[in-house]
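Each chain gets a letter, A, B and so on, in the order its sequence line appears, and its residues count up from 1. Model, not experiment: these values are computed from the prediction.
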Amino acid sequence: MTNESNANSATPAATRSMDDIVALCRRRGFIWQSSEIYGGINGFWDYGPLGVELKRNLKEAWWHDIVRCPGKGPDGNLIDMVGVDCTIIMNPKVWEASGHVGGFNDPMVDCRACKSRFRADHLIASEFFAEDATNSDKRFLISGLGEPKEVLEANKKKLEKLSKGHTDFRNPFGWRSFAELNADGRAKFQCPECGESGTLTEPRQFNLMFETYTGAIRDEESKTYLRPETAQGIFTQFWNVVDTSRVKVPFGIAQVGKAFRNEVTPRNFTFRSREFEQMEIEFFIRPDQASEWYQYWRDSRYEWWKSIGLAGDNLQLREHEKEELAHYAKEGAGVCDIEYRFPFTAPGFGELEGVAHRADYDLKAHATACGKGDKLRYFDQERNERYFPHVIEPSAGADRGTLALLCEAYTPDSNRPSGVYMKFHPRLAPIKAAIFPLVNKDGMPEVAEKLYMKLRQKWNVQIDVKQNIGKRYARMDEAGTPYCFTIDSDTLNDQTVTVRHRDTLQQERIGLDKVAAFLSDKIGD
RNA sequence: GCGGGUGUAGCUCAGUGGUAGAGCGUCACGUUGCCAACGUGAAUGUCGUGAGUUCGAAUCUCAUCACCCGCUCCA
């Protein structure tokens with residue numbers, strides 16, 4: 001990390017306005033609404049020219065540090081890591097085995113009065129008839145949440161009262177779920193929470209997975225899903241990786257790719273999007289070593305986010321409480337989130353990356369579902385035993401990471417013309433440097449272009465010859481460009497240029513032939 | 001999904017029933033010679049969208065979409 005990027009502590013989240021950050025993202029071409037000219041679409045965002053560079057830099061830094069140059073593990077050995085790139089659409093059996101189909105597929109019903117939400121198949125009702133001596137019949141609806149027995153018990157007094165003095169008391173149509181009731185029945189249905197009648201909405205599907213159809217025929221047989229996480233691609237190819245890559249436990253498989261979740265409420269700019277990109281590691285270990293590897297990944301992932309510029313009080317590591325753990329993690333070594341204090345979550349935090357001990361839940365589930373079972377256990381040569389490896393999963397959001405970088409970089413500064421600058425870590429900055437001829441004549445543009453052509457072979461740099469130098473500096477401040485090199489009349493005499501530092505506004509002169517070395521030193525190649 | 005708010009040029013906003021505007025930014029030319037300087041000129045609008053009321057709608061009504069805030073949801 002350079003001195004500049006760490007010069008003073010991060011801007012407190014509370015003083016940053018999300019509206020201002022969104023406005024800058026739009027104005028400078030970081031992030032736009034998808035399909036904006038048609039009014040946009042809820043939960044989908046596009047990256048513009050600066051945004052795509054920033055997000056690529058984030059993903060490439062991750063891939064470099066995770067796959068190409070991982071560190072040493074808790075056992076003191078270099079970590080073994082390989083990458084994969086799996087498809088978004090997979091055999092739908094994958095999602096049955098993983099528990100995504102079925103578990104999160106139920107129609108839900110909301111109460112308009114008390115805002116409670118229920119699964120429609122848990123809401124049941126039955127119409128009762130009671131005939132009295134004069135053959136006039138009386139009917140009433142008993143409704144509630146749970147099994148018929150529970151509902152009857154809950155409505156015991158009401159039933160006794162209504163059936164009093166009547167004969168031939170019965171419910172001829174039996175119990176029906178809320179979804180099976182007609183409009184009249186739904187209107188009489190009492191909310192189990194607040195007791196109001198007719199306040200429940202129509203049942204609505206909350207399908208977290210996007211569905212599509214593969215092939216020409218659109219029927220149930222051809223129904224497929226857009227993956228809601230990249231992890232399952234890794235799990236299903238685990239055995240191929242083991243057979244072809246000479247890896248042995250402990251080792252990791254990494255993947256960067258799009259995932260899709262049909263969120264009920266996309267919110268907070270790109271934070272909760274329906275289409276988003278994940279950077280996931282599944283790290284396979286011996287079951288008895290889960291604890292030390294969990295701690296290793298928890299700590300190293302936290303340090304990594306610090307290393308790319310999220311170093312201040314706005315980043316925190318939070319261990320999950322037992323109650324909030326997912327079904328597969330209840331007995332595990334732990335689950336934690338690495339969280340960032342976004343302006344819209346402040347003073348709270350929002351998740352950037354989750355590190356979870358998933359045990360052997362996924363590998364076992366796929367081994368069972370595909371019918372091969374224990375034959376798919378991993379063979380540990382050294383220990384001469386077979387087992388399903390446990391998994392530590394560090395799963396990060398590329399879009400959330402990009403958003404955190406944007407929020408962290410946003411630095412109001414009334415002392416400079418732009419009023420704000422983006423203090424990106426140089427490694428992540430979309431544009432590494434700008435090259436300016438002080439004026440667009442007297443041989444300066446030619447020198448500038450020559451320097452530009454040389455530097456762009458290695459870094460994303462820009463040349464700008466238009467307008468006065470102040471405007472060009474101001475534009476680069478909003479783009480977050482850490483260095484500007486200016487060619488002036490002295491350059492033509494002594495072969496030096498000025499370097500203007502984004503964060504301090506200081507200038508220094510260095511040799512024209514030293515510029516590339518300067519950038520290598522500050523940014524890396 | 002519920003409740004509240006917002007929506008006019010790239011940005012910030014003015015415009016309360018009668019010709020769609022300003023500042024900034026952008027672009028061109030000139031000038032300038034290190035921090036959005038100066039001069040001249042130019043481009044830029046489905047007034048979020050669609051209906052309705054009206055002789056006439058950015059303006060009033062309804063619906064809808066998007067964004068923001070609060071609930072809810074987030075395996």
Side-chain angles (χ1 to χ4, degrees), chain A residues 17-20 22-29 32-45 48 95 98-106 108-118 199-209 228-229 231 261-269 271-274 276 324-329 335 337 343-344 350-351 354 356 358 361 413 415-421 436-442 444 466-478 484-491 497-502 505-509:
Chain A
S17 156
M18 199 60 209
D19 286 346
D20 291 343
V22 172
L24 183 137
C25 284
R26 170 173 170 64
R27 184 169 76 240
R28 297 263 70 127
W32 299 310
Q33 250 191 301
S34 169
S35 340
E36 190 183 285
I37 62 167
Y38 289 105
I41 176 168
N42 195 349
F44 297 87
W45 301 90
W95 307 111
S98 69
H100 288 81
V101 177
F104 315 105
N105 227 358
D106 307 298
M108 303 296 281
V109 169
D110 290 319
C111 173
R112 294 189 188 89
C114 68
K115 313 298 181 199
S116 305
R117 175 167 291 170
F118 311 96
T199 57
L200 298 178
T201 60
E202 293 294 296
R204 284 181 291 250
Q205 287 283 343
F206 284 86
N207 269 338
L208 238 27
M209 280 197 292
E229 62 176 24
R261 294 182 196 178
N262 208 352
E263 298 286 356
V264 177
T265 313
R267 204 44 89 78
N268 291 328
F269 202 28
F271 184 78
R272 180 169 297 135
S273 300
R274 289 180 166 141
F276 57 99
E324 61 180 310
L325 293 184
H327 52 100
Y328 52 74
V335 177
D337 286 342
F344 49 80
E351 181 185 350
R358 291 178 74 128
Y361 177 90
D413 180 359
N415 292 322
R416 63 178 78 202
S418 55
V420 63
Y421 68 108
F436 301 148
L438 185 59
V439 289
N440 195 16
K441 60 181 181 184
D442 300 340
M444 295 180 206
K466 300 287 176 68
Q467 299 179 312
N468 71 60
I469 193 79
K471 286 193 183 189
R472 287 179 272 169
Y473 284 148
R475 273 198 291 267
M476 286 302 153
D477 277 346
E478 285 202 332
C484 296
F485 302 107
T486 300
I487 284 86
D488 58 17
S489 51
D490 289 344
T491 308
V497 298
T498 61
V499 185
R500 184 260 196 184
H501 294 256
R502 175 194 66 198
L505 304 178
Q506 297 296 306
Q507 293 188 14
E508 59 177 314
R509 284 201 90 85

For this session: Between C55(B) and G50(B), how far apart are the C1' atoms? Round to whole Å, please.
Result: 23 Å

Problem set entry | First of Ile37(A) and Val497(A) reached from the 5' end of RNA chain B, by closest nucleotide | Val497(A)

Exercise. Is there a donor and acceptor pair, one atom on the side chain of Tyr473(A) and one on the base of C34(B), closer than 3.5 Å?
Worked result: yes

Exercise. Considering only side-chain heavy atoms of Gln507(A), which listed nucleotide, A36(B), C35(B), C67(B), is closest?
Worked result: C35(B)

Exercise. Which part of the nucleic acid, if any, lies within reach of Arg472(A) when heavy atoms closer than 4.0 Å are counted: base, sugar-phosphate only, or nothing?
Worked result: nothing

Exercise. Do Trp45(A) and Gln33(A) have side chains that get closer than 4.5 Å, going by heavy atoms?
Worked result: yes

Exercise. Which base, if any, makes a Watson-Crick or G-U wobble pair with G39(B), both distances under 3.5 Å?
Worked result: C29(B)

Exercise. Considering only the C1' atoms, how many Å lie between A9(B) and C24(B), rounded to the nearest integer?
Worked result: 12 Å

Seminar exercise, completed: Rounded to whole Å, CG of Asp19(A) lies from C1' of G5(B) at a distance of 12 Å

Seminar exercise, completed: Separation of C67(B) atom P from Trp32(A) atom CH2, nearest Å, is 17 Å

Exercise. Between C34(B) and Lys471(A), is there an OP1 or OP2 to side-chain N/O distance shorter than 4.0 Å?
Worked result: no

Exercise. Does Arg267(A) offer a backbone N or O that forms a donor-acceptor pair with the side chain of Arg272(A) under 3.5 Å?
Worked result: no

Problem set entry | Given C67(B), A28(B), C11(B), the nucleotide with the shortest approach to the side chain of Lys466(A) | A28(B)

For this session: Would you indicate, yes or no, if U32(B) has its OP1 or OP2 atom less than 4.0 angstrom from a side-chain nitrogen or oxygen of Asn468(A)?
Result: no

For this session: Would you indicate what Glu478(A) reaches in the nucleic acid, counting non-hydrogen atoms under 4.0 angstrom: base, sugar-phosphate, or nothing?
Result: base

Problem set entry | Per Asn42(A) side chain, nearest of listed nucleotides A75(B), U32(B), C67(B) | C67(B)

Exercise. How would you label the contact of Phe269(A) with the nucleic acid (heavy atoms, under 4.0 Å): base, sugar-phosphate, or nothing?
Worked result: sugar-phosphate

For this session: Give a yes/no answer on whether the side chain of Gln467(A) brings an N or O atom under 4.0 Å of OP1 or OP2 in U26(B).
Result: yes

For this session: State which of C74(B), A36(B), G70(B) makes the closest approach to the side chain of Arg272(A).
Result: C74(B)

For this session: Grab the CZ-P distance between Arg274(A) and A66(B) for me, whole Å please.
Result: 8 Å

Exercise. What interatomic distance, in whole Å, is found between C1' of C29(B) and the corresponding atom of C35(B)?
Worked result: 23 Å

Exercise. Is there a donor N/O on one and an acceptor N/O on the other, under 3.5 Å, for the side chain of Glu263(A) and the base of C74(B)?
Worked result: no

Seminar exercise, completed: Test salt bridge (Lys or Arg N to Asp or Glu O under 4.0 Å), reference Asp477(A), set Lys471(A), Arg500(A), Arg28(A), Arg502(A), output is Arg500(A)

Problem set entry | Rounded interatomic separation in angstrom, taking CD1 from Ile469(A) and P from A37(B) | 13 Å

Problem set entry | Check: Asp488(A) side chain, C34(B) base, donor-acceptor under 3.5 Å | yes

Exercise. Which residue, Asn268(A) or Leu505(A), contacts RNA chain B at a nucleotide closer to its 5' end, judged by nearest heavy atom?
Worked result: Leu505(A)

Exercise. Distance between the P atoms of U31(B) and C67(B), in whole angstroms?
Worked result: 49 Å

Problem set entry | Selected nucleotide, minimal atom distance to Gln33(A) side chain, candidates A36(B), C67(B), G10(B) | C67(B)

For this session: Mind listing the closest non-hydrogen atom pair of Pro343(A) and Met18(A) along with its distance?
Result: CG-SD, 3.8 Å

Exercise. Looking at the side chain of Arg27(A), which of C34(B), G10(B), G1(B) is the nearest nucleotide?
Worked result: G10(B)

Problem set entry | U61(B) to G17(B) separation - C1' atoms, rounded to the nearest Å | 14 Å

Exercise. Is there a donor and acceptor pair closer than 3.5 Å between the side chain of Arg500(A) and the base of C34(B)?
Worked result: no

Seminar exercise, completed: Scanning all shown strands, the Watson-Crick or wobble mate of U54(B) with both distances under 3.5 Å is none

Problem set entry | Check: Val439(A) and Met444(A) side chains under 4.5 Å, non-hydrogen atoms | yes

Seminar exercise, completed: Value for OG1 (Thr265(A)) from CG (Asn42(A)), rounded to nearest 0.5 Å, stands at 8.5 Å

Exercise. What is the base-pairing partner of U59(B), counting Watson-Crick and G-U wobble geometry with both distances under 3.5 Å?
Worked result: none

Seminar exercise, completed: When rounded to the nearest 0.5 Å, the distance separating CZ of Phe436(A) from CZ of Phe485(A) is 11.0 Å

For this session: Whole angstrom is fine here: how far is it from CZ in Phe44(A) over to C1' in C65(B)?
Result: 15 Å

For this session: Let me know the distance between CE of Met209(A) and C1' of C74(B), rounded to the nearest Å.
Result: 15 Å

For this session: Please state whether the phosphate of U31(B), meaning OP1 or OP2, lies under 4.0 angstrom from any side-chain nitrogen or oxygen of Lys441(A).
Result: no

Problem set entry | Side chain of Pro417(A) - closest among C2(B), C35(B), C34(B) | C35(B)

Problem set entry | Any strand: nucleotide that pairs with A14(B) via Watson-Crick or wobble, under 3.5 Å | none

For this session: May I ask which nucleotide in the shown strands pairs with U6(B), Watson-Crick or G-U wobble, both distances under 3.5 Å?
Result: A66(B)

Exercise. Can you find a pair of side-chain heavy atoms, one from Thr486(A) and one from Arg472(A), that are under 4.5 Å apart?
Worked result: no

For this session: Consider the side chain of Trp45(A), meaning its heavy atoms from C-beta on, and name the nucleotide among C11(B), C67(B), A36(B) that approaches it most closely.
Result: C67(B)

Exercise. In terms of side-chain heavy atoms of Leu438(A), which of G33(B), A36(B), C2(B) is nearest?
Worked result: G33(B)

Problem set entry | Integer angstrom distance from the P of U12(B) to that of A51(B) | 29 Å

For this session: Determine the contact category for Gly354(A): base if any of its heavy atoms lies under 4.0 Å from a base atom, sugar-phosphate if only primed atoms, P, OP1 or OP2 are that close, otherwise nothing.
Result: nothing

For this session: Take atom C1' in G15(B) and the same atom in C47(B), then report the distance between them in whole Å.
Result: 11 Å

Exercise. Could you state the CD-C1' distance from Glu36(A) to G7(B), rounded to the nearest angstrom?
Worked result: 12 Å

Problem set entry | C1'-based separation of C13(B) from C71(B) [nearest Å] | 32 Å

Exercise. Would you say the side chain of His501(A) lies within less than 4.5 Å of the side chain of Glu508(A), judging by non-hydrogen atoms?
Worked result: yes

Exercise. Does Arg475(A) make a side-chain N or O approach to OP1 or OP2 of A36(B) shorter than 4.0 Å?
Worked result: no

Exercise. Could you state the CE-C1' distance from Met444(A) to U32(B), rounded to the nearest angstrom?
Worked result: 11 Å

Seminar exercise, completed: Paired to G45(B) by Watson-Crick or G-U wobble criteria (both distances under 3.5 Å) is none

Exercise. Below 3.5 Å, does any donor atom in the side chain of Thr265(A) face an acceptor in the base of C73(B), or the other way round?
Worked result: no

Exercise. To the nearest 0.5 Å, how far apart are OH in Tyr473(A) and CG in Asn468(A)?
Worked result: 11.0 Å

